Amino acid sequence: MVLSRLDEARQAIRQRILAKLDALGFRGLDDLVSLEVPTEKERGDLTTSFALKAASRVKLAPRELLARLEGFADGLDSVERVEVAGPGFLNVTLRTAWLAEVVRDILGRPDTYGNATVGQGRRVLLEYVSANPTGPMVIVSGRAAAVGDTLARVMSAVGYQVWREFYVNDAGGQIATLGHALALRLRELDGEEVESTWPEGVYPGAYIKDLARAYRAEHPEVRGESVTAADYPALGAWAAERIRAGHEATLREFRVTFDRWFSERALRASGAPEKILQRLRERGYLVERDGALWFTATRFGDDKDRVMVKSDGSLTYFVPDAAYHADKFDRGFDYVIDLLGPDHHGYVQRIRAVVEALGYPADRLEVLIIQLVRLLRGKELVRMSKRGGTFVALEDLIEEAGIDPARFFLLERAPETPMDFDLNLAKLKGPDNPVYYVQYVGARIHSVLRQWREMKAPEVPVDLALLREPEERELLMLLARFPEVLIRVAEERAPQHLAKFMTELAGAFHAFYRQHRILDQAPELRQARLALAQAVLAVNIRGLSLMGIEQPEVM
RNA sequence: GCGCCCGUAGCUCAGUGGAUAGAGCGCCUGACUACGAAUCAGGAGGUCUGAGGUUCAAAUCCUCACGGGCGCACCA
């Protein structure tokens, strides 16, 4: 199947090379013949180094091998010229007029250009963010949200069926702790002084005070002093649901939505964790030691065995987690992808081990660690501490930086790379932000189109062969590459490539726009350049929308 | 100590075994009587942390060292 005009050329050239090699008696070189877009423009549009790779196998010097391929591309209407360069590279230059037809390809399907079927309809469950409902989301959650959301959008575009899920840890000890914190804040509302005796490990954040006021408004009869430890889980559950709803609202504002908010509490209530224990026991992967029940994770490559049932009889978080993953596989997903935070390094082996122990295909479970976002104010490192109650919330980032700049910034870097985030935000808010550079392309084109409509110039048929300037060619090539950028983003789970591409496309357009004029040209050239500009606009809008970023018509 | 991630320009970061390693910011020099200057053109700035190895070819793969981050609970 043909992905794009560029891909069509690539496949045709490859076939010709292989056919010629075959005629020369060289077979089995299929894997070596691939055509890449070179970094340097002087090296043509597509380049291959197969001759260098095949040299030892065919016992021919690379350039000698290439010499025997002479004329392989004759009659291909996509190819302008073929050159042998350096120690044995083959550089192919495409015919500009042929390449220019990409504009027609795009304008024929502006909203779906770049879509593909490489996903083959396979079902993917993407779990991301899954922030604990015990406090505000921090910036790394925003990073996971932006990355997960963009992966979901791009993977859908290239033919996967993507289901988005947020796992809510609304059960367990931390919820009781949250209830404890709420109880103390209720006492505080009743006039009690609680700060000096605040227990270690109980969330001190100011947001709990707001929750306490909300709770008081809903339940005016509940006095702080009458609350006991037995009430903590219920109080905590109430608070967790409030916080979770807040997360949902914040994420929706950030243009991130989920198909399902998967509740740990509901999972526990269903009895699924006990069934998991039963299955592990039947398979012989549970042992009793020190009064607790352990999963023999070391048999599956983990560092140590893991406690499943504590000596007090309660479950560790790991049992519902295992049950959750079993549930994912039971629902028939072909791929299960978890985007986890930087504090989960040790967790990857563990969850993989239990998935394998339960008999699921562990190679279909993919865990991506979204790396830490270090916060700086100027040169100074901002220490984040949930315990100390000092941290910068995702909400603050959205408000201060704006959604578009924040999303673009978070998507520019490889997710597994730790990144620094300067809270001075001058770059984020100001015109130097790269997202404005990209959005400005659309604003400029919209402006040109408005003026063209006012001109009421007669329309003439579009002759794309008139697009011959180097700046135009650069744009044509980038437009032709867009579909494979999306595939790369999806397959490598690497959204930064899309951000990079959008910046390159914007740079090429700005360069074209400063150099050449569109409207005050002969009608034929004007029409061709308008078509080019519209195609650039379509890809600009599409790329930005896949990043969850808007394309304003005026800025 | 063990594990995972990372180390590329002054800063923040891209980089698919391939040819002369890129972008943005910052710095310097230029460009609007101009479809939008939130722009463009040009310049300075690099022992790709180091040492070995594999390869015709290494920033990229392997090993070791060094530096940084994060993990290593009967917390989640």
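By convention in this document, chain letters (A, B, ...) are assigned in the order of the sequence lines, proteins followed by strands, and residues within each chain are numbered from 1. Given the structure is predicted, the values throughout are model-derived calculations rather than measurements.
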> What's the verdict on salt bridge (charged side-chain N to carboxylate O under 4.0 Å, His left out) for A:Glu472 and A:Arg529, showing C-alpha distance, side-chain angles and the deciding distance?
Replying inline: CA-CA 9 Å; A:Glu472 291 166 339; A:Arg529 286 190 172 162; 2.6 Å; yes
>> Base, sugar-phosphate or nothing for A:Ala414? Non-hydrogen atoms, less than 4.0 Å.
In response: sugar-phosphate
> Once you round it to whole Å, what is the distance between C1' of B:A23 and CD of A:Glu412?
Replying inline: 9 Å
>> Under 4.0 Å, counting only non-hydrogen atoms across every strand here, what does A:Ala55 touch: a base, just sugar-phosphate, or nothing?
In response: nothing
> Which is true for A:Asp420 with a 4.0 Å heavy-atom rule: it touches a base, it touches only sugar-phosphate, or it touches nothing?
Replying inline: sugar-phosphate
> Do the side chain of A:Trp294 and the main chain of A:Arg289 share a donor and acceptor less than 3.5 angstrom apart?
Replying inline: yes
> Are A:Tyr513 and the base of B:C40 stacked, counting only ring centres nearer than 5.5 Å and planes tilted under 30°?
Replying inline: no
Between the protein and nucleotides 73-76 of chain B, which nitrogen or oxygen pairs are less than 3.5 angstrom apart?
unit_1, atom_1, unit_2, atom_2, d
B:C74, O2, A:Ser311, N, 2.7
B:C74, O2, A:Ser311, OG, 3.0
B:C74, N3, A:Ser311, OG, 3.1
B:C74, N4, A:Asp290, O, 2.6
B:C75, OP2, A:Lys310, NZ, 2.4
B:A76, OP2, A:Tyr317, N, 3.1
B:A76, O3', A:Gln174, NE2, 3.4
B:A76, O2', A:Asn132, OD1, 3.2
B:A76, O2', A:Gln174, NE2, 3.1
B:A76, N6, A:Tyr317, OH, 2.5
B:A76, N6, A:Arg350, NH1, 3.1

>> Of the options B:G69, B:G36, B:A19, whose atoms approach the side-chain atoms of A:Arg444 most closely?
In response: B:G36
> Between A:Tyr513 and A:Arg517, is there a cation-pi geometry (under 6.0 Å to ring centre, at most 45° from the normal)?
Replying inline: no
> A:His446 near the nucleic acid: base, sugar-phosphate alone, or nothing, with a heavy-atom cut-off under 4.0 Å?
Replying inline: nothing
>> Could you check whether A:Asn540 and A:Gln551, counting side-chain N and O atoms only, form a donor-acceptor pair closer than 3.5 Å?
In response: yes
>> Let's see if you get this right: which residues in residues 523-539 of chain A place a heavy atom under 4.0 Å from RNA chain B?
In response: none
> Can you tell me how far P of B:G36 sits from CZ of A:Phe512, to the nearest Å?
Replying inline: 14 Å
> Which part of the nucleic acid, if any, lies within reach of A:Met419 when heavy atoms closer than 4.0 Å are counted: base, sugar-phosphate only, or nothing?
Replying inline: sugar-phosphate
> Do A:Thr298 and A:Asp305 meet the criterion of a side-chain donor-acceptor pair at a distance under 3.5 Å?
Replying inline: yes
> If you pin A:Gln371 and A:Pro418 to their nearest nucleotides in RNA chain B, which one's is more 5'?
Replying inline: A:Gln371
>> Protein within reach of the bases, or only the backbone? For nucleotides 53-59 of chain B, mark each nucleotide 5' to 3' as B, S or -, using heavy atoms under 4.0 Å.
In response: ---B---
>> Does A:Leu519 reach a base, just sugar-phosphate, or nothing at all? Heavy atoms under 4.0 Å.
In response: base
>> Counting C-beta onward and ignoring hydrogens, is there a side-chain heavy-atom pair between A:Lys41 and A:Met477 closer than 4.5 Å?
In response: no
> Just checking, is any N or O donor in the side chain of A:Glu165 or A:Tyr324 under 3.5 Å from an acceptor N or O on the other one?
Replying inline: yes
>> Tell me the interatomic distance from A:Leu368, atom CG, to B:C6, atom P, rounded to whole angstroms.
In response: 11 Å
>> Please report the distance, rounded to the nearest Å, between NZ in A:Lys500 and C1' in B:A14.
In response: 4 Å
>> Tell me if a side-chain donor or acceptor on A:Thr316 pairs with a main-chain N or O of A:Val307 at a distance below 3.5 Å.
In response: yes
> Does the side chain of A:His497 get closer than 4.0 angstrom to OP1 or OP2 of B:U16 through an N or O atom?
Replying inline: no
> More than 12 heavy atoms of other residues, nucleotides or ligands under 6.0 Å from CZ of A:Arg265: is that the case?
Replying inline: no
> What's the CZ-P distance between A:Phe509 and B:U39, to the nearest Å?
Replying inline: 14 Å
> What is the distance from CD of A:Gln515 to P of B:A41, rounded to the nearest Å?
Replying inline: 8 Å
>> Taking any heavy-atom pair under 4.0 Å as a contact, classify A:Phe89: base, sugar-phosphate, or nothing.
In response: base
>> With no hydrogens and no angle check, just 3.5 Å: does a side-chain donor-acceptor pair link A:Thr93 and A:Asp45?
In response: no
> Starting at the 5' end of RNA chain B, what dot-bracket string do you get if Watson-Crick and G-U pairs under 3.5 Å are bracketed, crossing pairs use [ ], other-strand pairs use | and unpaired bases use dots?
Replying inline: (((((((..((((....[...)))).(((((.......))))).....(((((..]....))))))))))))....
>> Can you measure A:Phe408 atom CZ to B:C25 atom C1' for me and round it to whole angstrom units?
In response: 14 Å
>> From CE of A:Met502 over to P of B:A38, roughly how many Å is that when rounded to an integer?
In response: 19 Å
>> Does A:Phe262 form a ring pair (Phe, Tyr, Trp, His ring centres under 6.0 Å) with A:Phe166? I'd like the steps, not just the answer.
In response: CA-CA 6 Å; A:Phe262 196 105; A:Phe166 185 123; over 10 Å; no
>> Pairing donors with acceptors under 3.5 angstrom, does anything connect the side chains of A:Glu83 and A:Asn91?
In response: no
> Please walk me through it: do A:Tyr440 and A:Tyr436 pass ring pair (Phe, Tyr, Trp, His ring centres under 6.0 Å)?
Replying inline: CA-CA 6 Å; A:Tyr440 190 42; A:Tyr436 295 121; 9.9 Å; no
>> Between A:Thr134 and A:Asn132, is there a side-chain donor-acceptor contact under 3.5 Å, judged purely by atom types and distance?
In response: no
>> Whether the A:Asp338 and A:His344 side chains hold a donor-acceptor pair (N or O, under 3.5 Å, no angle test) is what I'd like checked.
In response: no
>> Under a 4.0 Å threshold between the charged nitrogen and the carboxylate oxygen, would A:Lys328 count as salt-bridged to A:Glu127?
In response: yes
>> At under 4.0 Å between heavy atoms, how does the protein contact nucleotides 27-34 of chain B? Give one character per nucleotide, 5' to 3', with B, S or -.
In response: ----B--S
> A:Ser130 side chain to A:Tyr167 main-chain N or O, any donor-acceptor pair under 3.5 Å?
Replying inline: yes
> If only side-chain N and O atoms of A:Arg413 are considered, is one of them under 4.0 Å from the OP1 or OP2 phosphate oxygen of B:A14?
Replying inline: no
> Which part of the nucleic acid, if any, lies within reach of A:Asp305 when heavy atoms closer than 4.0 Å are counted: base, sugar-phosphate only, or nothing?
Replying inline: nothing
> Does A:Gln451 make a side-chain N or O approach to OP1 or OP2 of B:G36 shorter than 4.0 Å?
Replying inline: yes
>> Taking B:G15 as the reference, what is the distance to B:A23 when you measure between their P atoms (whole Å, please)?
In response: 15 Å
> Nearest nucleotide by nearest heavy atom, which residue falls closer to the 5' end of RNA chain B, A:Pro342 or A:Glu416?
Replying inline: A:Glu416
> Under the 3.5 Å rule, do the base of B:C40 and the side chain of A:His510 count as making a donor-acceptor pair?
Replying inline: no
>> Would you say the rings of A:His180 and A:Tyr203 are close, in the sense that their centroids are separated by under 6.0 Å?
In response: no
> Between A:Glu36 and A:Arg43, is the closest basic N to carboxylate O distance under 4.0 Å?
Replying inline: no
> Would you say the side-chain atoms of A:Gln349 and A:Asp303 include a donor-acceptor pair closer than 3.5 Å?
Replying inline: no
> Does A:Thr503 put a side-chain nitrogen or oxygen below 4.0 Å from OP1 or OP2 of B:G22?
Replying inline: no
> When you check the phosphate oxygens OP1 and OP2 of B:G15, does a side-chain N or O of A:Gln496 lie under 4.0 Å from one of them?
Replying inline: yes
> Is NZ or CZ of A:Arg244 both nearer than 6.0 Å to the six-membered ring centre of A:Trp261 and within 45° of the ring axis?
Replying inline: yes
> For RNA chain B, what residues of residues 31-49 of chain A have any heavy atom nearer than 4.0 Å?
Replying inline: A:Glu40, A:Arg43, A:Thr47, A:Ser49
